[in-house]
Protein chains: 2
Amino acid sequence: MREVAEAAGVSIATVSFVVNNTKPVTPETRQRIERAMAELGFRPNVVARALASRRTRILALATPFSRLWLGAATREFIIGAATAAKEARHHLVIWPVGNDGDELVTLVGQKLVDGVLLMSVALDDPRVEALRGLDTPFTLIGRTRDVTGLHYVDIDIAASMRVAMDHLVDLGHRHIAFVNGDRDEEGVAGFGPYVRSEQAYRELAGERGIDPVVLYCRSNVASGRETARELLALAPRTTAVIVQDEAGAAGLVAELKRLDRAVPDRMSVLSMLSSADFAEMWDPPLTTISTPGLELGRLAVEALLQQLDGRPPVSAALRTGVLVPGGTTGRVPAGTAGPGRSAARRRT
Amino acid sequence: MREVAEAAGVSIATVSFVVNNTKPVTPETRQRIERAMAELGFRPNVVARALASRRTRILALATPFSRLWLGAATREFIIGAATAAKEARHHLVIWPVGNDGDELVTLVGQKLVDGVLLMSVALDDPRVEALRGLDTPFTLIGRTRDVTGLHYVDIDIAASMRVAMDHLVDLGHRHIAFVNGDRDEEGVAGFGPYVRSEQAYRELAGERGIDPVVLYCRSNVASGRETARELLALAPRTTAVIVQDEAGAAGLVAELKRLDRAVPDRMSVLSMLSSADFAEMWDPPLTTISTPGLELGRLAVEALLQQLDGRPPVSAALRTGVLVPGGTTGRVPAGTAGPGRSAARRRT
DNA sequence: TTGAAAGCGCTAACAG
DNA sequence: CTGTTAGCGCTTTCAA
């Protein structure tokens with residue numbers, strides 16, 4: 001930069017002004033400087049700039065690397081966030097942090113990043129409390145129970161569940177079960193989407209006079225199969241199932257077929273918040289409520305940058321999943337519909 | 001840091017020595033300093049440190065965000081690399097860069113990162129040439145045609161293909177086709193794994209007296225279906241297929257079933273370099289050669305850090321995929337085996 | 001509109 | 001073993 005200044009016959013400060021467009025500079029001076037920069041192949045050193053300006057232009061995406069990390073929503077978040085960050089000329093670092101608030105405090109304390117995106121937020125998340133105590137802005141992807149004073153973007157679980165239920169009810173189903181993640185699995189207990197979706201399911205079932213049946217399934221195929229057997233044992237009149245997990249859905253569909261309740265003819269299956277790409281790979285294609293992950297990733301970055309720039313920040317943004325019709329849901333089979341209540345349920 | 005020095009009654013330099021363990025310090029002095037740090041909650045500022053030491057301890061993972069990014073291998077690379085980076089107390093930034101060498105040069109020129117991991121490397125990759133001209137160390141995940149002077153980790157495609165072929169041959173198959181990615185698709189043309197796997201397939205087929213049949217399929221289900229029809233039209237005696245792409249495999253299996261060549265009884269299907277988690281979701285489970293992505297991610301980071309530390313670097317590491325037996329491959333159906341050559345082939 | 005100068009918070013010779 | 005000091009490359013008052 002000093003070289004550029006010399007070559008252009010100006011001071012180093014003036015060079016800084018044109019590089020950052022931070023003060024008015026005569027067109028001619030600007031020209032000379034720009035030419036010098038081009039000739040010398042000048043590239044501003046972001047580290048020095050960061051030290052001087054207290055702005056690194058680096059954002060962190062803090063996320064646990066659990067099994068659930070493999071899901072569609074996560075992947076989309078990352079792509080969305082990384083793309084948005086790039087467009088805003090920021091860098092994105094990945095921080096694999098568990099539920100450990102202390103670890104996050106240490107990382108933030110390094111002052112490497114201007115802001116943090118926090119993924120896989122639990123209803124009561126120690127990381128959120130940890131971040132609250134620091135002066136680094138952050139945005140949640142997901143949300144805690146109490147969101148006062150927080151900025152977040154999230155899937156509108158209730159609305160997404162409503163889309164799912166409506167689809168099934170429109171097809172004539174009246175016995176609709178819900179298969180949730182198993183709270184014994186890492187990352188599931190207290191994780192917002194699991195809690196909220198079950199709650200939404202129960203409320204909607206109540207509204208529609210559907211007897212709620214909730215089962216719990218781990219994120220693997222064997223567990224999905226087991227869940228299918230449980231379902232038929234506990235609530236044999238069920239004609240449609242809403243599942244949270246892709247692997248679970250796979251096991252469920254496979255086992256239902258084996259138990260002579262082939263999908264979609266003798267049972268409808270709908271997967272919550274998968275990706276359309278993934279759903280298409282099934283035979284028949286999986287009916288799903290697709291995750292708005294890409295958009296949420298973008299929104300999260302935008303919300304964070306607004307905070308950083310002191311702009312009026314969007315403190316909350318919810319997006320609803322979209323129904324992607326596939327071949328695993330169909331009209332309710334004749335003779336199995338109609339009212340009637342079973343009391344089956346596990347763990348109330 | 002100055003405060004710490006004052007509190008401990010030493011100079012700021014001494015504090016630096018204990019923080020970085022860079023010079024011998026009397027145990028007592030060290031103690032005093034450490035106590036002062038703890039009391040004041042001192043956290044070294046990594047930006048300042050980076051500027052002074054010319055070492056940011058940040059690594060970049062440069063990768064295109066194409067459709068192929070959704071694959072199993074990519075995901076595993078990231079997890080492996082991020083985890084290894086963290087263990088080595090480094091940060092990992094994600095750079096979504098296309099095939100554009102210039103963009104990479106700009107990013108590297110910012111001097112934000114100490115080294116670069118380059119993913120999705122093509123045989124002739126402009127980004128590699130671009131990086132060669134700079135003084136920032138880099139490691140390839142994948143490799144170019146000419147690897148002299150380069151450091152890389154990669155899947156041993158030839159060996160992995162051999163595992164696949166051996167599995168099928170052991171089951172009695174003699175008519176084994178290969179479905180490769182379609183070079184018209186973004187990111188496929190000139191992409192190492194596609195080129196090398198086809199080459200390996202042809203060589204192995206030659207060795208075993210198998211008449212090579214190669215088809216090309218885009219990364220979506222419809223294309224997989226189409227490929228199934230082509231396959232039966234071109235090489236009806238085929239009893240087993242090796243596929244590169246997961247979505248393609250899905251379409252292939254579905255369409256084969258429709259065409260009365262149900263998998264695995266009337267056709268075996270094996271997927272190259274998927275993940276075991278994913279393969280398990282199929283019904284029957286997909287037989288696959290699992291990708292060693294996790295390990296490669298780790299190895300890449302290690303190789304890069306070795307370069308950075310001036311340690312003798314591992315310049316090349318290859319890892320072979322492992323056979324994960326599933327339900328989509330089986331013994332060759334009676335009456336369809338035996339020698340015989342068809343000449344079918346697309347695009348030679 | 002431009003320049004001088006004081007840092008940003010830390011590292012790394014070098015000297016003691 | 002510890003302290004002094006000169007930067008790292010840029011931003012940002014403040015003054016001209």
Side-chain angles (χ1 to χ4, degrees), chain A residues 1-34 36-37 40-58 89 91 106 108-114 135-136 308-310, chain B residues 1-34 36-37 40-58 89 91 106 108-114 135-136 308-310:
Chain A
M1 182 151 157
R2 208 181 45 250
E3 291 180 27
V4 174
E6 281 167 15
V10 297
S11 87
I12 172 179
T14 312
V15 177
S16 176
F17 298 152
V18 350
V19 167
N20 302 300
N21 231 312
T22 173
K23 280 206 178 175
V25 170
T26 319
E28 309 136 41
T29 328
R30 174 182 299 273
Q31 281 254 314
R32 260 185 303 141
I33 294 176
E34 275 167 354
M37 292 199 301
L40 295 170
F42 172 73
R43 309 229 177 257
N45 178 314
V46 297
V47 177
R49 175 194 306 227
L51 181 60
S53 66
R54 296 112 204 281
R55 258 280 227 158
T56 62
R57 299 186 76 85
I58 303 175
R89 323 198 100 249
H91 291 275
T106 303
V108 168
Q110 301 189 113
K111 291 290 174 198
L112 201 237
V113 306
D114 291 337
D135 53 1
T136 298
L308 289 170
D309 296 346
Chain B
M1 182 152 156
R2 207 181 46 250
E3 290 180 28
V4 173
E6 281 168 13
V10 297
S11 87
I12 173 178
T14 312
V15 177
S16 175
F17 297 155
V18 349
V19 168
N20 302 301
N21 231 312
T22 173
K23 281 208 178 176
V25 171
T26 319
E28 309 138 39
T29 329
R30 173 182 298 275
Q31 282 254 314
R32 258 184 304 140
I33 294 175
E34 276 167 353
M37 292 199 301
L40 295 170
F42 172 74
R43 310 232 175 253
N45 179 315
V46 296
V47 177
R49 175 195 307 225
L51 182 59
S53 67
R54 291 107 201 284
R55 259 281 227 156
T56 63
R57 299 185 77 82
I58 303 175
R89 325 198 99 250
H91 292 274
T106 303
V108 169
Q110 301 190 111
K111 291 291 174 197
L112 201 236
V113 305
D114 292 337
D135 53 1
T136 298
L308 288 170
D309 296 345

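The structure displayed is predicted, hence computed values, not measured ones.
- With rounding to whole Å, B:Gln110 atom CD is found 15 Å from D:dG9 atom P.
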Under 3.5 Å, side-chain donor or acceptor atoms of residues 6-14 of chain A against the rest of the protein: list the pairs with distances, not counting sequence neighbours.
{"from": "A:Ser11", "atom 1": "OG", "to": "A:Ala13", "atom 2": "N", "distance (Å)": "3.2"}
{"from": "A:Ser11", "atom 1": "OG", "to": "A:Thr14", "atom 2": "N", "distance (Å)": "3.4"}
{"from": "A:Ser11", "atom 1": "OG", "to": "A:Thr14", "atom 2": "OG1", "distance (Å)": "3.3"}

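- Residue A:Arg54 is in sugar-phosphate contact alone, with no base atom involved, counting any heavy-atom pair closer than 4.0 Å across all strands shown.
- The interatomic distance linking A:Arg55 (CZ) with D:dT11 (P) rounds to 13 Å, in whole Å.
- Residues passing the salt bridge (Lys or Arg N to Asp or Glu O under 4.0 Å) test with A:Arg55, sequence neighbours excluded: A:Asp114, A:Asp309.
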What N/O pairs connect the protein and nucleotides 12-16 of chain D at under 3.5 Å? Give each pair on its own line.
{"from": "D:dC14", "atom 1": "N4", "to": "A:Lys23", "atom 2": "NZ", "distance (Å)": "3.0"}

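- Taking B:Gln31 as the reference, nothing meets the side-chain contact (heavy atoms from CB on, under 4.5 Å) condition, with sequence neighbours excluded.
- When the C1' atoms of four end pairs are superposed on the next four at each end of the helix from C:dT1-D:dA16 to C:dG16-D:dC1, using five pairs per end, the two resulting axes differ in direction by 30°, to 10°.
- Counting only residues at least two apart or in different chains, salt bridge (Lys or Arg N to Asp or Glu O under 4.0 Å) contacts with residues 16-31 of chain A are absent.
- Residue A:Pro27 is the one, among B:Ala48 and A:Pro27, whose nearest nucleotide of DNA chain C lies closer to the 5' end (criterion: closest heavy atom).
- Contact check, A:Arg49 against D:dG9: no side-chain N or O comes under 4.0 Å of OP1 or OP2.
- Rounding to the nearest 0.5 Å gives a distance of 9.0 Å between CE of A:Met1 and CZ of A:Arg49.
- Under the side-chain hydrogen bond (donor to acceptor under 3.5 Å, both in side chains) criterion, B:Arg32 pairs with no residue, sequence neighbours left out.
- Following rounding to the nearest Å, B:Asn45 (CG) and D:dC10 (C1') show an atom-to-atom distance of 15 Å.
- B:Val47 pairs with exactly one of A:Ile58, A:Thr56, A:Val46 by the side-chain contact (heavy atoms from CB on, under 4.5 Å) rule, that one being A:Thr56.
- With sequence neighbours excluded, the residues that form a side-chain contact (heavy atoms from CB on, under 4.5 Å) with A:Val4 are A:Val15, A:Ile33, A:Ala36, A:Met37, A:Leu40, A:Phe42.
- No side-chain donor-acceptor contact under 3.5 Å links B:Arg57 to the backbone of B:His91.
- Across all strands shown, B:Val10 has heavy atoms under 4.0 Å from sugar-phosphate atoms exclusively, and none from any base.
- Qualifying side-chain hydrogen bond (donor to acceptor under 3.5 Å, both in side chains) partners for A:Thr136, counting only residues two or more places apart in sequence or in other chains: none.
- Think of the region where chain A sits on DNA chain C: with heavy atoms and a 4.0 Å cut, that region ends 5' and 3' at C:dT1 to C:dG9.
- Looking only at side-chain heavy atoms (C-beta outward), B:Gln110 and A:Asn45 stay at 4.5 Å or farther from each other.
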